[in-house]
Asker: 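Here it is: the structure, laid out below.
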Amino acid sequence: GENVEQHPSTLSVQEGDSAVIKCTYSDSASNYFPWYKQELGKRPQLIIDIRSNVGEKKDQRIAVTLNKTAKHFSLHITETQPEDSAVYFCAASKGNTPLVFGKGTRLSVIA
Amino acid sequence: EAGVAQSPRYKIIEKRQSVAFWCNPISGHATLYWYQQILGQGPKLLIQFQNNGVVDDSQLPKDRFSAERLKGVDSTLKIQPAKLEDSAVYLCASSLVSSGGTGELFFGEGSRLTVL
């Protein structure tokens, strides 16, 4: 089955700097790659997703890139703010299969 | 629009006891998932329902875990008997798409289980 690796496990950045989180997946047939944000004690919430027919997607300060050949995708957050501090999870799925999540990255934005 | 409701939010039990969690998905969402999230890890799928049928329960420890979704709406997840390693947050999620993982999952607040 699908296996998703995520790194780094923790990331600290200064406010205003950029943050990048990377994930790799094992199943070349996977075609849907969402990113979820989980604030402390809260539920995971979708922040952005990408499908395999595009290479990049942006939404204000966040963007996701996908390299199907290398089987990896990345989350980019620009101009980080303290409210970006959270745990971020990548995930992958194909067709009718459920999402498989990475282990998460704890992002700390230092003011 | 009401979100995914879960209860109880917190539960503390001793090992070998039993526990049940309840989930009410967003109205109209055909697909319901139970995920287990151990501290410091990502959510791990336990079971997926589409309406009242099981789509995927390959990672459900069936010797101690059971789940049902009668009438295709609410769902309950039961653990009997509980082990120390079952300590985790149990997340229920629902999605609008009729099957699979290619649509947004809406998660509940989770039920935090501590097994002593």
Side-chain angles (χ1 to χ4, degrees), chain A residues 1-11 21-25 27 29-54 57 59 64 66 75 86-107, chain B residues 1-7 9-10 23-26 29-51 53-60 67 88-112:
Chain A
E2 177 65 275
N3 183 50
V4 177
E5 299 286 339
Q6 181 172 349
H7 58 95
S9 56
T10 60
L11 178 62
I21 302 170
K22 299 181 179 181
C23 288
T24 60
Y25 59 98
D27 190 342
S30 288
N31 58 6
Y32 177 63
F33 308 94
W35 287 87
Y36 283 78
K37 175 183 180 182
Q38 187 174 30
E39 297 178 11
L40 189 62
K42 300 288 184 65
R43 70 189 78 190
Q45 291 188 295
L46 179 71
I47 56 171
I48 195 167
D49 57 11
I50 191 168
R51 297 182 187 273
S52 58
N53 57 344
V54 298
K57 184 177 178 180
D59 183 3
V64 56
L66 172 64
L75 178 71
V87 178
Y88 292 81
F89 294 98
C90 63
S93 73
K94 63 178 180 181
N96 295 334
T97 64
L99 288 175
V100 175
F101 287 85
K103 291 189 174 182
T105 296
R106 181 174 300 279
L107 173 65
Chain B
E1 176 181 87
V4 177
Q6 289 189 246
S7 68
R9 289 292 312 278
Y10 306 93
C23 172
N24 184 267
I26 293 173
H29 281 197
T31 309
L32 184 148
Y33 311 81
W34 284 100
Y35 280 88
Q36 179 193 58
Q37 187 175 25
I38 293 174
L39 187 65
Q41 297 185 23
K44 173 190 168 186
L45 179 76
L46 292 174
I47 190 167
Q48 176 191 352
F49 292 95
Q50 181 180 329
N51 297 310
V54 175
V55 175
D56 186 340
D57 64 355
S58 58
Q59 299 185 76
L60 186 73
V89 175
Y90 290 86
L91 291 165
C92 178
S94 68
S95 67
L96 185 59
V97 294
S98 59
S99 62
T102 56
E104 180 177 359
L105 297 190
F106 293 86
F107 285 90
E109 296 280 5
S111 294
R112 182 178 297 276

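Naming convention: chains lettered A, B, ... in sequence-line order (proteins, then strands); numbering from 1 in each chain. Note that the coordinates shown come from a computational prediction; the quantities given were computed from them, not determined experimentally.
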Asker: For A/P98 versus B/Y35, what's the shortest heavy-atom pair and its separation?
Answerer: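 Closest approach of A/P98 to B/Y35, heavy atoms only: CB-OH, 4.2 Å.
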
Asker: In Å and rounded to the nearest 0.5 Å, what is the CG to OG distance from A/L46 to B/S95?
Answerer: 11.5 Å

Asker: Select one option (side chain, backbone, both, neither) describing which atoms of A/F33 are under 4.5 Å from chain B's heavy atoms.
Answerer: neither

Asker: Please check this pair: side chain of A/Y36 against backbone of B/L105, looking for a donor-acceptor N/O pair closer than 3.5 Å.
Answerer: yes

Asker: Distance from B/E104 atom CD to A/I47 atom CD1, nearest 0.5 Å?
Answerer: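 These two atoms lie 11.5 Å from each other.
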
Asker: How long is the straight-line distance from CD of B/E109 back to CZ of A/R43, given to the nearest 0.5 Å?
Answerer: 4.0 Å

Asker: Quick check on A/Q45 against chain B: is it the side chain, the backbone, both or neither that has a heavy atom closer than 4.5 Å?
Answerer: neither

